[in-house]
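Presented below is the structure to which this report refers.
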Amino acid sequence: MEYNFREIEKRWQQQWRDSGAYRVSNESDKPKFYVLDMFPYPSGAGLHVGHPLGYIASDIYARFKRLKGYNVLHPMGFDSFGLPAEQYALETGQHPAVTTEKNIARYKEQLDNIGFCYDWSREVRTSDPKYYKWTQWIFLQLFDSWYNRKSQKAERINVLEGIFEKEGNVTNECPGDRKLQFIAEEWSGFDNQRQQEILMDYRLAFSAFGEVNWCEALGTVLANDEVVNGVSERGGHPVVKKKMRQWYLRITEYADRLLQGLEQVDFSDSMKEMQRNWIGKSQGAEVRFKVKSEKGEVEQMVVYTTRPDTMFGVDFMVVAPEHEMVSDITSFQQKDEISKYLEYVKSRSERERLAEVKSITGAFTGAYAINPFDGREIPIWISEYVLAGYGTGAIMAVPCGDQRDFAFAKHFNIPITNIIGEAFNGEEANPTKDAILQNSDFLDGMVMRDAINVVIDKLEEMGIGKRQVNYRMRDAGFSRQRYWGEPFPIVYKGGVAFALDEGHLPVELPYVDTYSAGPEGEGPLANLADWIIAPGGGTREANTMPGYAGSSWYFLRYMDPQNEQAFADRKATDYWNQVDLYIGGTEHAVGHLLYSRLWTKVLFDLGYIGHEEPYKKLVNQGMIQGSSRFVYRIKSSNQFVSAGLIDQYETDKVHVHVGLVDGLELDIESFKNSRPEYEKAEFILEDGKYVCGAEVEKMSKSKYNVVNPDEIVERYGADTFRMYEMFLGPVEQSKPWDTKGIEGVHRFLRKFWRLFVDETKGLIVTNDAATPAELKVLHRTIKKIEEDTERFSFNTAVSAFMVCVNELNDLKSRKKEVLQPLLILLTSYAPHVSEELWKLLGNEGSVLDAAFPKFEEKYLVESSKEYPVSINGKHRTNINISLDAAQPEVEQIVVANEIVQKWLEGKAPKKIIFVKGRMINVVI
RNA sequence: GCCCGGGUGGCGGAAUUGGUAGACGCAGCAGACUCAAAAUCUGCCGUUCGCAAGGAUGUGCUGGUUCGAUUCCAGUCCCGGGCACCA
């Protein structure tokens, strides 16, 4: 009986499906454990060998927890709305619903092939109306809420209306318009439209006319994180600013809580750091300066600074070119220069502005700000290095402390005031906070760090400034001018957006057969005349929600996926609670993770769920890179020369499909048949072989280095594939794929099989009692597998299995007492072969529900140790000494040792260092 | 430029608390079995000197701390990732 993995794996996969072995119940006496994978977007290309890395890791962990007695939720689903399907529809005319369905079927087939323990009865698809009904419903909760800064949480909008009726907005600053102020009487006096406009400026989901990243080529608006260096992340198309009516999520109100929440979760430091950077919290002050200008129309300007301690070092002001005060303060003399500069700024695309960060440009307005402390007149400039959207759009420039300000001052010959004495060398700015202030009036002699608060206190006392926290993060754009996404449950009447009644959900995505943009650049839905008019009157929102809408809450739906009364029953969300382990790639570091953390916090604030951080622990899997192969064609010929000989010729390096190469050796016949132009190719060989070049690159179709898991599973089996992916290295790390290396793991499984089964004799396991040596091997392995699995060190766990099997082979061990527990250990890594052998051993029930073996220290206790002995720190020999031996006894034994004697050359050792159970070092 | 990771054999990687560097596997070399091949098994396998015994050297580089450093500290170079006029 040989190890027929193909037959075994197919049979057990079928059996597990039929018996519902992976069904999970929401009712259980066992402790719960929730293991989640970032669900995939089902692309047309299917899975390559890099995709399942994280899925295998989470699957092993989920199975491990099940063996350890947990009720484990381990679901899978599909992020099935999104751009690529629509792009594909544009190109081929096939409806996204059709291609998506097809792709999902393919994905599921590929996933099942690898033997994952997903409870498919809980599958979710974001494009399913039964699912997106609740995406729309949550959107309505966001729409119906505002963030109460005093209670630090989301509250219903009608609470806010109540407050307005009593006291206006005097104690609740408007996040959408900071200048807006009204009292109760004024509120009652506003007409409904005005009231709705004001409420919109508070809502957590709100619409506004905003500058958005418009990508003409993709015909859509992109989120900030989808724009890289001024071009679209996908496709690299140019992106420009465009004013459009958009939906946004007021994530900025949650900036602080999103920041604080990071303290409670177990994410990698780099992941947390990325989120912190994205949020970009800074503390400082807003300072109002009096303005002296010809027209006298502007009395004050407001700047934001993190360094109020440098108030006496301010040599000029810079205002963003877009700032509204620019035209009001520009002097007659400077008018031409300013308008020339504004024209220049306008002519530059976002892309250029980002690309040329080094060049210094700007223009003087002719106006001055007055330093409130010493009355100095400070020239006001405009320059594109100050951004309209951050802080107040105006800065106070301190050239001795800020490098950009310094460069600007040098470039325009603005005199520089030094307030930090020797700390400033005149060559470059010094941003220190530790220097002693000079030339700073009442701050002289103070350390800058300490002066910050002194100045803010003074500003507040004088009534010309205040402490201010700023965030780099912007509110999240939530509209896409696209078809294949969730429709908004919103109807406009008289220009006012109204939420649809819950009873009207879901707003189903209507069928279309063309995908071109609407008349005003809105989504294709705008073209559906009979859909766009809502039944009760009014116009529907024609845009759709972005990709992250559905993925912001899917982990909750898995808990109760068929519920038609709620997104999930509170009992279910309370039972499953947080995701205990979330595995996925780093590419979602800021986008998805931040948005889903936001949604969770809002649902928590509104009382729908009992926890406010969705993911307790996050593990980021690394990428599996492709290992590309190259052939070398002699220039302008059809001759190919083996890699070792290319120095002798002028060659072009050409990618060759990895499937045509065994290790490095090219399969010449297959190569010739692969393409017509290679049919007549000639080869210059070395040692009778054609050796290819190799390089590690990203796995991609264009590089001909994509390896399909189906092929690997067909050749070696799912168990081998799973273990090999883990064996490659630490999950978090990126590493190249090497098909050749898989044979080692495959050999291991065959060896493992042969511990139990002989090809001719069949099962050869005995019921004899195990020897101490065998038990030692077993328990060392139990300990190692348990510890390594628990800390996600799957590669070393696979090694431990190999070591164990090698040792049992040496011991010729065939005993059930040893082999059966070992089988259970292997179950989470190689479930199929484990189940097969489990049954062969005559066990009832499935190995999936076996109990994880208990490690017992007593089998590992040793009485002596082969101590490594070093002379002056260099390892020279080993001496076997009893573990009971104490220092004096050990010293005696060591000094008497022949090899130690030789190194001592008759001298007495200066010192003998003895670490019990570890090592001995003789110092001469 | 700033912020995170990371540099260990031909390759993927191991060394969990400062204590035998290179576990495990791939590739390679030698051999056994076989008519042959596959499969399987055995041995060798960082570099270097040496017939060997045994030395020397070795975890990017330069120093430091220590009886002892891949591990800790300082500096430096390289690679990967993220952010980038954020006041």
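Lettering of chains follows the sequences in order, A, B, ..., and the numbering in each one begins at 1.
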* Structure fact -> Under a 4.0 Å heavy-atom criterion, the protein footprint on nucleotides 15-28 of chain B, written with B, S and -, is SB--BBS-BBSSS-
Over how many whole Å does the gap from [X] atom [atom1] to [N] atom [atom2] extend?
{"X": "A:W737", "N": "B:C11", "atom1": "CH2", "atom2": "P", "result": "20 Å"}
{"X": "A:N470", "N": "B:C86", "atom1": "CG", "atom2": "P", "result": "13 Å"}
{"X": "A:F748", "N": "B:G12", "atom1": "CZ", "atom2": "P", "result": "23 Å"}
{"X": "A:F267", "N": "B:G5", "atom1": "CZ", "atom2": "C1'", "result": "18 Å"}

* Asked: Would you call the rings of A:H779 and A:F855 parallel, tilted or perpendicular if under 30° counts as parallel and over 60° as perpendicular?
  ->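 Geometry flag for A:F855 against A:H779: tilted rings.
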Please determine if a side-chain N or O atom of [X] lies less than 4.0 Å away from the OP1 or OP2 oxygen of [N].
{"X": "A:Y390", "N": "B:A87", "result": "yes"}
{"X": "A:R404", "N": "B:C86", "result": "yes"}
{"X": "A:R276", "N": "B:C86", "result": "no"}

* **B:A15 versus B:G22 - spacing of their C1' atoms, nearest Å** =>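 Rounded to whole Å, the distance is 9 Å.
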* **Whole-angstrom distance between B:G64 and B:G13, as gauged at atom C1'** =>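 Per the computed distance, 30 Å lies between those C1' atoms.
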* To do: Scan A:Q733 against the nucleic acid and name what it touches under 4.0 Å (heavy atoms): base, sugar-phosphate only, or nothing.
  =>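 Sugar-phosphate only.
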* Asked: Pick the nucleotide of RNA chain B nearest each of A:E273 and A:D402; which residue has the one closer to the 5' end?
  ->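 It is A:E273 whose nearest nucleotide is closer to the 5' end.
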* Would you please indicate yes or no on a ring centroid separation below 6.0 angstrom for A:Y724 and A:H746? =>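 Between A:H746 and A:Y724, the centre distance exceeds or equals 6.0 Å.
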* Asked: Looking at the side chain of A:R750, which of B:C67, B:U40, B:G55 is the nearest nucleotide?
  ->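 Per side-chain heavy atoms of A:R750, the pick is B:U40.
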* Take A:T365 and A:M317 through the side-chain contact (heavy atoms from CB on, under 4.5 Å) test and state the conclusion after the steps. => CA-CA 10 Å; A:T365 60; A:M317 298 283 181; over 6 Å; no
* Residue pairs fulfilling salt bridge (charged side-chain N to carboxylate O under 4.0 Å, His left out) with at least one residue in residues 786-795 of chain A, sequence neighbours excluded ->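 Every salt bridge (charged side-chain N to carboxylate O under 4.0 Å, His left out) pair that includes a residue of residues 786-795 of chain A, provided the two are not neighbours, is A:K65-A:E790, A:K68-A:E786, A:K783-A:E787, A:K784-A:D788, A:D788-A:R791.
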